[in-house]
Structures are given as C-alpha cells and as structure tokens.
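Accompanying notes for the structure given below.
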There are 2 protein chains.
Amino acid sequence: MAEKDSSSDRGGSKRSAKPTINDVARLAGVSKKTVSRVINRSPLLNEETRERVEAVIRRLGYVPNPQARALALGRNFLVGLIHDNPNAQMVLNVQQGILEALQGTDFEMVVRPVDRNSSMMLDDVRAFLERQRLFGVVLLPPISEDDSLARLCDEVGCRYVRMGSVQLDDAAHMVASNDREAVREAITYLIQMGHRLIGLIEGPDGFRSARERRLGFEDALSTAGIGLPRSLIAAGNYTFETGVSAANRLFDLSPRPTAIFASNDEMAAGIVYAARERGVSVPDDLSVIGFDDTPIAAHIWPPLTTVRWPIVSMARSAARKLVGDVVDGEAPDDQPSMLASMLIRRGSVAPPPRT
Amino acid sequence: MAEKDSSSDRGGSKRSAKPTINDVARLAGVSKKTVSRVINRSPLLNEETRERVEAVIRRLGYVPNPQARALALGRNFLVGLIHDNPNAQMVLNVQQGILEALQGTDFEMVVRPVDRNSSMMLDDVRAFLERQRLFGVVLLPPISEDDSLARLCDEVGCRYVRMGSVQLDDAAHMVASNDREAVREAITYLIQMGHRLIGLIEGPDGFRSARERRLGFEDALSTAGIGLPRSLIAAGNYTFETGVSAANRLFDLSPRPTAIFASNDEMAAGIVYAARERGVSVPDDLSVIGFDDTPIAAHIWPPLTTVRWPIVSMARSAARKLVGDVVDGEAPDDQPSMLASMLIRRGSVAPPPRT
DNA sequence: ATTGCTCATGACACCGGTTTCCATTATGAC
DNA sequence: GTCATAATGGAAACCGGTGTCATGAGCAAT
C-alpha cells in the first residue's frame, strides 16, 4: 500500500480467489485461447480437447468474469429499462417480460426511473448511457413517446426498443399494441349494450396512448352515428385522483352519461370510487370500462371490465429484439412489432338504466 | 475476420470511438496514472496539473469505462435486488429506495426475481452471484427470511443486507421494521373504538412477517383481557383472493366479528370486496384494517385504515449499508437497522354496530 | 517427394483502467 | 552549495478475458 489514492479495501472480504481462465488453461495443458474457444462454443475445436477442458472447468468451478469479457468485447451485458411510468404493476410486468427474454443469456437488466418533468432528464439519461455503456435499453411509455430520447440513444450508440400504443418508429425499434382498435371494440360493446351517452376520461395531453385511445373512442361513436358533445370528454392524467374528479364532473352533467370509458384502470377505479361516494350504483346506474387490466381492475367491486394490454409479451418481445441477434443470430425484426389487446368482460358493464 | 468464433459485430453501430484515459493523458501531456489520480481525486497532485487534466476531460467528454475499472479493481459496481415478493408496489418502492441510495455513486441496480418454490432456487441464486460477482445484494421479504440465502451470500463472498419485519441478523446485515408493535397499536385502536370480536386474517405459514403481525394482534387482545377463540383466526397467503375467501369464512361465524385485521392490504381489499358481495357495509357493519399502505389501500371504497410500512426508507437504508463504506467511508452500521411503522387512519374503521 | 490445403492450437497484443516501483524535481535544513 | 527528504510523474505490469496471426500436423493431389 505505497499510495493511498483510493479507499482501502477493508480487509474482511475473504472471497477465496476465483479461478481464472489461466488456471484452467494451465491445468488442462492448453492455451488461454483454447479455453476461450471452449467457453464460446467455437466449432473448430477438437472434441477430445473440448472435453478435457470442460472437465477442468467443472472441477475448478470456473466461471468467466463478465467484467473482463465486457472489456475485451467492448460491450457489456446490461440491458437497461428506462421508464417514468407511475404504475407499479405495469413497470413490474415489463421487468418480468424483459427478464424472461434475458433468461439463460449473459445479460442482466438494470433499471433506471427518470423524471420527465425535470429539465435535466435528457442530460441525466445521456450521462447514464455514456457512463454505463449499456448494450441497449427498453423505453417504456410514456417517455418512450419522446423522440428526443430515441435520438439520444442513437447518438451515444446505444441500441433501443420503444414500447408504445402506436408504431412510432421502424420495426426494429418498436413494439406496439393497437390501442385504437382495442378501444373501438370496447366502446362498440357499450353501444351494443344500448348506451348512447358515453363519457370519456382522457389521459394526459401529449401522450400518444391517450390520443390513440381517444381516437378509438371517437371512431366507435362516429361509426355508430352517435354524436359526441364536448362536455362528455373530461381530462385526466392517468391517476386515481383525476379519475375521481373527472367522474364527478361527468356526474354533474344532465343528462348524466350512462357509461364512462377511462383511458386506464387507475382512473376507472377512481370513477367507481366517486360513484360510491355519490351513491351512483355501478353497473346498474353506470357502466365503466378501463384500460390495461392491472390487478386493481379485478380487485375492486365491482370488478372492472377493461382492455388487457399485452404488456408482458410486449416487453419480452422488446428485449428479444435488443439482444436476439447476439444471443442466437436472430434478426431483430423476427420479433413481432405489433401485439393485440383484448377486451376482458367483468362486472362493471350492464345495459343502461331504463329511466 | 479470420476466425468466426463469435457472432460477428453487425456493422451498423457507428458508435464513435469513446475517448480513453490514454487520449486524455496524451492531450494533457501527462501519464495515465496522473489522469487516474485526477479521476480518483487523489490528494497528492499539483493543483495546476489537476486543472489542466480536468480541462481536457471536459473538452473530450471523457467518461471512465466502468468495465475496465471493474476489472482492474476486482469488483464491479452492481447492487442486486433479490426478491420473490408478488406485491408490485412494494417491489417498486424498494427499487426506488435503493436507487435513491445509489444516486450519485457509480453503482447500478440489477433486479433478480426468484421463485422460492423452485427446488433450484438456491442453485440459481448461486449461479447468479458467481457469474455476476455482484458487489452486494439486498434481500427482500419473504425470501430474506431464509437463512440459507444469507449463508449462500457469505459463501460466495457477496455482501448482503436483509430487509424484514424483525431483526433476524446482526445490524450490519439487517434493516427491520417493528411489525409487532405496529399491529399492537392498530388493534388497540380497534379495541378503543369498542370492538371486542376482532378477526384476523393471517399471512402464510412460515413467514416471519405473518408471525410478527399475529403476535402483535395477540398481544393487544391479551393486554386488554380479551379472549381469542381459534375460529376468529383465518389463514391467508397475502393475496387478494385468499382475503376474499378468508373473509367469507369469518362472515359465516355467529356472532360475526365486528372488525377484521388483515396482515396486508391485498387481503384487506379482499375483505372489502367480499363484504360488498355479501351486502355487509364497511365500516358500518364491519371495520377493516390492513397492513403496508400500498396504493390500493387509498384507492378502494372505503379507503383503508392501514399500517404504513416504511419500505422506501428501509430500502434506502439497506442500500446505504451495502455501499456506504466504499462510497464515503461510512461505517455500515451508521445506518439505522430498525424503522418504525405507523397507523394511517382512513375510512374503514368505525365503532361496532349497536345491535 | 513436393506442394497446397484444412484443421487445431498457441503466442502475443489488446481492451481501459489501476497499481507498483522507480526516477525526477522541488523543498528545506545544514 | 550540498544533501536529505518529500512531492510528483512516468514506465511497465497487471486485472481476465478476446482478436489476430502464425505455426505445425495431417492429408490429398500432383
């Protein structure tokens, strides 16, 4: 310890020295490179040599050092998840999907929540990407809708795949669902039940998902020849609380809508909550449809009819796009870029009251 | 490309060569070592030299390569989160706490969900730890209660900190809350409201959190001199569904309990759901208290009175324990090992009905 | 026997940092 | 002015892998 430049290694760690590729090579009587070939399943390798080396590897319990590999290869084995989504279940589902795709590979997932309202957001992400030199990132909505983030990834040479409600990028960089079509179906279902006065609680301005869902809503109504007064559209921002207040605004309308579609389940749960507060019965007086099919949808009373967003599959597909060609030579667009949502019918929809 | 050992680098990546420490050294007219000293804030360095080097670093936008650092230092900068907790909000809160603690350090967080029911679990985790050579891991309940996991970490030389409902390990390896005391308070509150027939929906067998919460429940009753018939205790496993079925079992009792405490919010939400199904009014006919204060608690009707588990602070504290001494020479037990829960009073508790 | 080819393997440099060890320079005491 | 000492900076080794290229063996064709 001639120089105390850095913090000293506090002695305790009795981490028994891990065997290295050199140890394996020496004991097997071959060169490092040959061991490296065994590890990487090189085809041009004598079967007998391979077995001898593998035996030594097993005996020593040798595991290649990922840091060294990362350095030598000039890339690491980290896939990042960048998100600013407040919905815990959604984020966790995405993590699950990514991890499923990474299962059995050398890749790990690192998670990076960001604050889209911060002016530093882009700088933060840039610093993160440059520092960590991630292999690639998955971008979760709503921040995935931001083109400047995608450009940033390009700039720093980091692969990316965006998830979203609509195709915003080419197939290699995008996994989308078709929200518009799914909402159209849901609203058509309400219309078939007899509803004519249907309210909409929108997602926040500037979110593509919000816009797509609204477009699906409008499509269904205009196809059925039903007009849509401005007053039936209430603003929300995907939180439970705005669901409550938007619902209250719609309840004050006269005539009152007999059904409300909320652009996500949180807000739909807010509608149900507000209805209880006001003594409005769901579904007898009011039908409610949400979007996402997060657990809350099934766990409130009455259980919510909602559109299931195929979030886990989307995430899995996104991660495969990212690492597929490295892992098994698969082309990045072998993975689907468009996945379908589906309507889940539960107890929050009924025909409108007779009055 | 003489040898096609590994998958070829698909050409596209026009990642402009990142500046290295050599570039900085050359342009600043100093040696690598000097640049390294600047990066690591070595004190024995001429002020003028430092400034010159820093200027070059800024000009080049140089960022040290973490992989190379990890290799040279013999440790990486990854903190793992190992969990098998099905509660999304809880997992995400823990992630948030860990990331807060890691903020501004060179550490990143990798997430590893495991399946505690799999016989391969320990082997999987061992493979994970050995492969990735993580700096340390945070263990989330319920799997954190498993001593064999902690022993495994010791064995492979990986630091760990366990989170839990009771002190299961020494202060350097544990961050706990005091569930027992918190539940005692909650039940005492029910007793003060006049309840005498109080049901309990337990967490799964073998979970320390479940046991501690039950002990707190029993403590409060016996302190108040209230007996606890076996029939008032129903089994659950922390899921919404078992909350529903356990509640139904308690509803069939005669006399029916006037209050039920559930060992977590999911199950408490199940009670409220079941009550609605049966036409039992909460809180008029039945008071309900949950545990955790996850968002669902505030988002159902009526909003749940519950015990807030200080999960974010616990996670932050756990992560600081892990990296503290490396980051700023802080002793690992400068961080608290015990954090307090608190009762959040909302709308699901009222005095018992007169009858 | 010589040439030409393929196959299996090894020597060696390299990735980008940190550390060791030594050389040089600056400082201060005499 | 000289010498001892401390402050500073550089050369080279090292961390543990991978890539490049050379080499020797084995074998078929000439």
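In this text the structure is predicted, and so the values were computed from the model without any measurement. Within every chain, numbering begins at 1; the chains are lettered A, B, ... in the order of the sequence lines, protein sequences first and strands thereafter.
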- Between the two ends of the helix from dA1(C)-dT30(D) to dC30(C)-dG1(D), what is the bend in degrees, rounded to 10 degrees, where each end axis spans five pairs? 50°
- Looking only at non-hydrogen atoms, find the nearest pair between C158(B) and L134(B) and report the distance. SG-O, 3.9 Å
- Protein-nucleotide distance (I39(A), atom CD1; dG17(D), atom P), rounded to Å: 6 Å
- Query: What closest approach, in Å, do V63(A) and E130(B) show between heavy atoms, and which atom pair accounts for it?
  - Reply: CG1-O, 4.2 Å
- Query: Which pairs count as salt bridge (Lys or Arg N to Asp or Glu O under 4.0 Å) when at least one residue sits in residues 143-152 of chain A, sequence neighbours excluded?
  - Reply: D147(A)-R162(A)
- Message: So, OP1 or OP2 of dT18(C): does either fall under 4.0 Å of a side-chain N or O from R69(B)?
- Response: yes
- Query: Would you find more than 12 non-hydrogen atoms of other residues, nucleotides or ligands less than 6.0 Å from E47(A) atom CD?
  - Reply: yes
- Task: Confirm from the modelled atom types if K33(A) and dG19(D) form a donor-acceptor pair under 3.5 Å, side chain to base only.
- Result: yes
- Task: Tell me, please, which residues at least two apart from L27(A) pass side chain to side chain contact (heavy atoms under 4.5 Å, CB included).
- Result: V56(A), R59(A), L60(A)
- Message: Whole angstroms only, please: what is the CZ-C1' distance between R50(A) and dA8(C)?
- Response: 12 Å
- Message: Whether R112(B) and D124(B) form a salt bridge (side-chain N of Lys/Arg under 4.0 Å from carboxylate O of Asp/Glu) is what I want to check.
- Response: no
- Residues passing the side chain to side chain contact (heavy atoms under 4.5 Å, CB included) test with I21(A), sequence neighbours excluded, are K32(A), V35(A), S36(A), I39(A), Y62(A)
- Message: From CG of L71(A) over to P of dC14(C), roughly how many Å is that when rounded to an integer?
- Response: 14 Å
- Message: Output the rounded distance in Å from CZ (R52(B)) to C1' (dG9(D)).
- Response: 11 Å
- Checking ring pair (Phe, Tyr, Trp, His ring centres under 6.0 Å) for the pair F135(A)/F77(A): CA distance, chi angles, key distance, verdict? CA-CA 6 Å; F135(A) 178 79; F77(A) 295 88; 7.6 Å; no
- Task: Considering only NZ, NE, NH1 and NH2 on the basic side and carboxylate oxygens on the acidic side, decide whether R26(B) and D23(B) come within less than 4.0 Å.
- Result: yes
- Query: Any donor-acceptor pair under 3.5 Å joining the side chain of R37(A) to the base of dG10(C)?
  - Reply: yes
- Which comes earlier along DNA chain D counting from the 5' end, the contact point of A68(B) or that of T49(B), where each point is its nearest nucleotide? T49(B)
- Side-chain N,O (S36(B)) to OP1/OP2 (dT18(C)) below 4.0 Å: yes
- Expressed in angstrom and rounded to an integer, what is the separation of N46(A) atom CG from dA25(D) atom P? 15 Å
- How many Å lie between CD on E48(B) and C1' on dG9(D), as a whole number? 14 Å
- Item | Over all atoms of both residues, closest heavy-atom pair of R133(A) and P66(B) | NH1-CD, 3.9 Å
- If you measure only the distance, is there a donor-acceptor pair under 3.5 Å linking the side chains of N85(A) and R116(A)? no
- Between atom CG in N76(B) and atom P in dC15(D), what is the gap in whole Å? 18 Å
- Item | Length of the line joining I21(A):CD1 and dC15(C):C1', which is rounded to integer Å | 15 Å
- Residues from residues 24-31 of chain A lying under 4.0 Å of DNA chain C - heavy atoms: G29(A), V30(A), S31(A)
- Message: Between dG17(C) and K32(B), counting only base atoms on the nucleotide and side-chain atoms on the residue, is there a donor-acceptor pair under 3.5 Å?
- Response: yes
- Message: Taking side chain to side chain contact (heavy atoms under 4.5 Å, CB included) as the criterion, tell me which of L129(B), L149(B), V79(B), L81(B) meets it with V137(B).
- Response: L129(B)
- Task: Would you jot down, in residue-number order, the residues of residues 59-67 of chain B having a non-hydrogen atom under 4.0 Å from DNA chain C?
- Result: Y62(B), V63(B), P64(B), N65(B)
- Item | N or O in side chain of T34(A) less than 4.0 angstrom from dT9(C) OP1/OP2 | no
